[in-house]
Every structure is written in structure tokens, then in C-alpha cells.
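Proteins get letters first, then strands, A, B, ... in listed order; numbering begins at 1 in each. As a basis for the values below, the full set of heavy atoms in this structure was taken, side chains included, without hydrogen atoms, waters or symmetry mates.
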Amino acid sequence: MQVSRIKAPALFNLSHSLECGQVFRWRKIGEFWYRVLGTGAVKLRQVGIYLEFEGSEGIDWHGIIGHYFRFDDDLKSIVRTISRDKFVSDAISAYRGLRLLRQDPWECMLSYICATNTNIPQIERTIDNLCRKFGRRIRFDGKEFYTFPRAETLAKASISSIRECKAGYRAEFIKATAESIVEDASIFDQIRSCTYEEAREELLKFQQQKVFKGIGPKVADCVLLFSLDKLEALPIDVWILRIIVREYANLFNKEFLDKIKTRGSLTFKDYSTVSKTMRGYFGGYAGYAQEYIYNYARNLL
DNA sequence: ACATCCCCTTAGCC
DNA sequence: AGGCTAAGGGGAT
């Protein structure tokens, strides 16, 4: 094992990218960030314009890291197109260099199924329990890590054993989703090649057929944005909704605004309306705008 | 102590 | 068809 380094693009901030709530399971130990990526573990830190890293043997970390951190995104140009007002511009300045990640779709999907109707510490605990119980242990840099469980493993697991990971009623959604993925592992490649609208339909169509249980509009948007290259996807959770109502009220008519304000959450149809409006406003990189705003709002408001 | 509310939503019922 | 409500668990109040 030896230290390598990769030149990061001009606009890149490792901590902002890992701490913005889009991904789970990164561990900061000392100056380094650690995580299992695929079948191996890696540690990295940012030093000036370089990203220093060491990883498990026999893996092309150079390629994986550039791909994972979306170094192929022209962030400078993206930021320019989404800077539509002072609020988002301030958010972008506050989190300069925040990049979306290109996560593994299976892990991303399962993680966000675990993330419904709960809080972040709880989500992390459940995912960690699943990995410890159903993943493979890896030793790296004198520390223990676990791989994310394979779909085959969770498809075979009993609902009660998944429930023991503190997954609650989500246990049956996890098993059902795992079974669907085992049945058709090419589904993610198919979805990736679709347009955003087609891809979203595809994920939610499965929902109607009771295949991908636990995936509604919000989780679908998370999976599309964080793992399937649909950068116009704009996941709307309670926080984003609060910010939209507060900072972007002028984009909606009064009756609609009053309706969603009093309810505090969105119906399926209202979600689509808000989502479409915000996508129209921010454009094809609306997902990047969402991530900056989300972070800004959670930490500063 | 103890109850109650809150939390990065969705499925299922009516 | 669209709106309401329950769902698990832990921490804060």
C-alpha cells in the first residue's frame, strides 16, 4: 500500500462534498476520510490542488475516485447556469467546490429506502447494522470496514433478520427491492440511459407493480440524482420544501402555496408540481442547486 | 420519571 | 381519485 495522488479539478472541496448529506458511511479519522467503495476500502484527504489517497490492493483507485467525485462535471459552468438569484448564489459561495457524487445505484437506493420518515443518525445506524450483518468484513489501515450487502444476500435474508438492523417496517421494502434487483440486475443501466422523466417513471412504475417497495417521488429523485446521472432531479424533503416556500414563493400561485404550507408535506401530485416548477427555474442542473441550498439552509438558517 | 413531539416519506386504506 | 394516517425507534423537550 502506498500513497498516491490525483490532481483535483479547479473547483473541488472534499469535505463539502462528503458532508452535504447526499451520502452515508464516510468516516473521518484524523485528517483522512475512510470508506468502502465497491469491494475495497480507501482513505483520502485534500492537500491543496491534490487528492491524496491510499486504498486496498489490486483496485484502480485513480479511475474510481475521478468517477465517484464527478471530476468530469464542468462545475464552473454548472454553477454559472444555476446562479439564478442571490439566495442560491450565497449558498454556492458558502459551499464552494461542493460536488455531487456518483454513487452505486444499488447502495444508494437501499440507503434512501432506509432514510424515509426518520433522522440522519438513525439512518446511519440502520445502514451500518445492515453492513455489519450482511456485508463482508475488510481490514484496511488497521481498521475494520464492511462492504455494502449484495442484493442476493438481502433477497435471501428473512424480514425479521433485516428488521433486527432497526429497519422497522422498511425491512419488507428492503427485501422486496433486493428481490427485484436480483431478478433484473440490468435495470440500473436501462434507467441510466433514459431521460429524467422516463427514468423517474420507470422507478415509480415499479412502485405501482409493488416491485420496488419503499420508493416514492423523493427517494426516486435521490437515486436518480446521486447515482444515475440525472442532474435535473431535485429531491424535495421537508427542509427543501421549507426553503422553497420561504425563498421561492413568487414562483407559485397563492392558493397552491397556502395549501402546501398548511399541510406541511406534499401529496404525490403536489410534489410533481413543485419539482417541475423548480426544475424549470434552475434548469438541467437543478439537482446541484438543490444540494447547495439544502446544505446552506440546514447549517445557516 | 414520563409523555409527547419530532424526524431527509411511503403504502395502503377509504 | 385524492386525501388521510400509520409505520420504528431514539433523542429532545
**Item:** d(CD, E172(A); C1', dT10(B)) in whole Å
**Value:** 11 Å

**Request:** Report the nucleotide, chosen from dT10(B), dG8(C), dC7(B), that has the shortest atom-to-atom distance to any side-chain atom of N119(A).
**Result:** dC7(B)

**Request:** When you get a sec, tell me which of dT9(B), dA11(B), dG8(C) is the closest nucleotide to the side chain of V238(A)?
**Result:** dT9(B)

**Asked** With distance as the sole criterion, is a donor-acceptor pair present between the side chains of D221(A) and Y112(A) under 3.5 Å?
**Response** no

**Message:** For a quick check under 3.5 Å, do S15(A) and E19(A) share a side-chain donor-acceptor pair by atom type?
**Reply:** no

**Complete:** I120(A) atom CD1 is separated from dG9(C) atom P, nearest whole Å, by 20 Å

**Message:** Regarding dC8(B), can its base be found pairing with the side chain of Y294(A) as donor and acceptor, where the two atoms are less than 3.5 Å apart?
**Reply:** yes

**Message:** Between R242(A) and dC7(B), is there a contact of a side-chain N or O with OP1 or OP2 at under 4.0 Å?
**Reply:** yes

**dG12(B) phosphate, OP1 or OP2, under 4.0 Å from K213(A) side-chain N/O** = yes

**Prompt:** Going through the checks in order, is the ring pair (Phe, Tyr, Trp, His ring centres under 6.0 Å) test met by Y292(A) and F87(A)?
**Reply:** CA-CA 10 Å; Y292(A) 281 105; F87(A) 187 75; over 10 Å; no

**Message:** Side-chain N or O of R298(A) versus OP1/OP2 of dC8(B): is the shortest distance under 4.0 Å?
**Reply:** yes

**Message:** Classify K166(A) by what it touches in the nucleic acid, base, sugar-phosphate, or nothing, heavy-atom distance under 4.0 Å.
**Reply:** sugar-phosphate

**Message:** Between P on dC6(B) and CD on Q122(A), what's the gap in Å once rounded to a whole number?
**Reply:** 17 Å

**Request:** Decide yes or no, distance alone: a donor-acceptor N/O pair under 3.5 angstrom between the base of dG8(C) and the side-chain of T118(A).
**Result:** yes

**Message:** Give me the distance, rounded to whole Å, that separates dA11(B) from dG10(C) when you measure between the C1' atoms they each carry.
**Reply:** 23 Å

**Request:** Go through K175(A) and E179(A) one step at a time and tell me if the salt bridge (charged side-chain N to carboxylate O under 4.0 Å, His left out) criterion holds.
**Result:** CA-CA 6 Å; K175(A) 185 175 166 70; E179(A) 286 170 347; 3.6 Å; yes

**Complete:** Atom CG of L266(A) and atom C1' of dG3(C) are separated, to the nearest Å, by 13 Å

**P atoms of dT9(B) and dA1(C), separation to the nearest Å** = 27 Å

**Asked** Taking the P atom of each, how far is dC13(B) from dG8(C), in whole Å?
**Response** 15 Å

**Prompt:** For dT10(B), which nucleotide in any strand shown is its Watson-Crick or wobble partner with both distances under 3.5 Å?
**Reply:** dA6(C)

**Message:** Using 30° and 60° as the class boundaries, would you call the ring planes of F256(A) and F252(A) parallel, tilted or perpendicular?
**Reply:** parallel

**Request:** Determine whether F69(A) and L18(A) make a side-chain contact, defined as any pair of heavy atoms from C-beta on separated by less than 4.5 Å.
**Result:** yes

**Nucleotide nearest R125(A) (side chain, heavy atoms from C-beta), chosen from dG3(C), dG10(C), dA7(C)** = dG10(C)

**Complete:** Whole-Å distance, F268(A) CZ to dG12(B) P, equals 14 Å

**Message:** Between dC7(B) and dG3(C), how many Å separate the two P atoms, rounded to a whole number?
**Reply:** 22 Å

**Message:** Can you check the distance between dA6(C) and dT4(B), where both ends of the measurement are the P atom (answer in whole Å)?
**Reply:** 15 Å

**Prompt:** Among the nucleotides dG2(C), dG8(C), dG9(C), which one has an atom lying closest to any side-chain atom of K269(A)?
**Reply:** dG2(C)

